[in-house]
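Report on the following structure.
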Protein chains: 2
Amino acid sequence: MKGFLSFLILWLINKKNMTGSEITEELEQRKGSRPSPGTIYPVLKDLKERGLLSIDENKRYSLTTPGEKELDQHLKSFFNTFCDIDEMRTQCQCHEEQK
Amino acid sequence: MKGFLSFLILWLINKKNMTGSEITEELEQRKGSRPSPGTIYPVLKDLKERGLLSIDENKRYSLTTPGEKELDQHLKSFFNTFCDIDEMRTQCQCHEEQK
DNA sequence: TCACCTTTATCGGTTATACGATATCGGTAA
DNA sequence: TTACCGATATCGTATAACCGATAAAGGTGA
């Protein structure tokens, strides 16, 4: 299951070009806790060095063509791995109502 | 994003009590590659030691009550983190058709 | 009995993910 | 100019997730 953070970051940048701090904020929204700079900047550096991200003069990241392909692969394997995601959601919502 | 493998294993066992080899097979189906024993048995051991799993005389694992609660928590944070999962699926299927 | 096979389990080592501390860099206000 | 501040980046360290090799345990068939 390694590579999920990279996958999520690729997905976020795919939706909208973002800077490091914007990505940090978005992850905080989703996960409930703010990732430390020591988490996200090394990932961004790695993705950039692998040619999946490019960065403009305002430090705003965007996907390269290989980055888009990588994201597609991740999406496919994600939905293979969580092939019963609707069932998961049902159970989650069901237990939500019990509170 | 750490803890996703444990989460997935809890989910599988929640659906159906399973042995280690059955879990290995299921993960192979989903992920496309067979996890090595050095991956899954340490996880099962850890989950058992944390009181989330119990094991019967046939080496078949099942969720304990704390295990069910842990799974619920994981499900909630999973759908928070991937709050735009329908959008992800749309994009994935869209690129699927292009082939 | 004993040879074999599958399953279960452990071991050492690698990489991704994560933190907090610290450093650098650029812009802005004093 | 200088002081500060948020954003960016690096560092050391820890843990989860992985692998392949190996070992032990249990069952089955010769």
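By convention in this document, chain letters (A, B, ...) are assigned in the order of the sequence lines, proteins followed by strands, and residues within each chain are numbered from 1.
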Round to a whole Å and report the spacing from [atom1] of [X] to [atom2] of [N].
{"X": "R34(A)", "N": "dT8(D)", "atom1": "CZ", "atom2": "C1'", "result": "13 Å"}
{"X": "Y41(A)", "N": "dA23(C)", "atom1": "OH", "atom2": "P", "result": "18 Å"}
{"X": "I9(A)", "N": "dT17(C)", "atom1": "CD1", "atom2": "C1'", "result": "10 Å"}
{"X": "F4(A)", "N": "dT15(C)", "atom1": "CZ", "atom2": "C1'", "result": "16 Å"}
{"X": "E25(A)", "N": "dG6(D)", "atom1": "CD", "atom2": "C1'", "result": "11 Å"}
{"X": "E22(B)", "N": "dT8(C)", "atom1": "CD", "atom2": "C1'", "result": "13 Å"}
{"X": "I40(B)", "N": "dA9(C)", "atom1": "CD1", "atom2": "P", "result": "9 Å"}
{"X": "M18(A)", "N": "dT8(D)", "atom1": "CE", "atom2": "P", "result": "11 Å"}

Less than 6.0 angstrom separating the ring centers of F82(A) and F82(B), yes or no? no

Of the nucleotides dT8(C), dG20(C), dT8(D), which one has an atom closest to the side chain of S36(A)? dG20(C)

Quick one: which of dA7(D), dC19(D), dT8(C) gets closest to the side chain of P35(B)? dC19(D)

Output yes when at least one side-chain N/O atom of [X] is less than 4.0 Å from OP1 or OP2 of [N], else no.
{"X": "T19(B)", "N": "dT7(C)", "result": "no"}
{"X": "S21(B)", "N": "dT8(C)", "result": "yes"}
{"X": "T39(A)", "N": "dT17(C)", "result": "no"}

Identify the heavy atoms of Q91(B) and L71(A) that sit nearest to each other, and give their distance. NE2-CD2, 4.4 Å

Contacts under 3.5 angstrom, residues 31-39 of chain B side chains, donor-acceptor by atom type, not counting sequence neighbours:
from: R34(B); atom 1: NH1; to: E28(B); atom 2: OE1; distance (Å): 2.5
from: S36(B); atom 1: OG; to: G38(B); atom 2: N; distance (Å): 3.1

Residue whose nearest DNA chain C nucleotide is more 5′ - K2(A) or P37(A): K2(A)

Sorted by number, residues from residues 43-68 of chain A placing a heavy atom under 4.0 Å from DNA chain D are K45(A), K59(A), Y61(A)

Ion pair check, D72(B) and K76(B), cut-off under 4.0 Å: no

Hey, can you pull the donor-acceptor pairs under 3.5 Å for the side chains in residues 58-67 of chain B, sequence neighbours left out?
from: R60(B); atom 1: NH2; to: E22(B); atom 2: OE1; distance (Å): 3.4
from: R60(B); atom 1: NH2; to: E22(B); atom 2: OE2; distance (Å): 2.8
from: S62(B); atom 1: OG; to: S54(B); atom 2: OG; distance (Å): 3.1
from: T64(B); atom 1: OG1; to: G51(B); atom 2: O; distance (Å): 2.6
from: T64(B); atom 1: OG1; to: L52(B); atom 2: O; distance (Å): 3.1
from: T64(B); atom 1: OG1; to: G67(B); atom 2: N; distance (Å): 3.1

Does G3(B) reach a base, just sugar-phosphate, or nothing at all? Heavy atoms under 4.0 Å. sugar-phosphate

Check whether any side-chain heavy atom of F78(B) sits under 4.5 Å from a side-chain heavy atom of I85(A), and report yes or no. yes

Could you go through R89(B) and D86(B), starting from their C-alpha distance and side-chain angles, then the distance that decides it, and tell me whether this counts as salt bridge (charged side-chain N to carboxylate O under 4.0 Å, His left out)? CA-CA 5 Å; R89(B) 179 154 34 192; D86(B) 294 319; 3.5 Å; yes

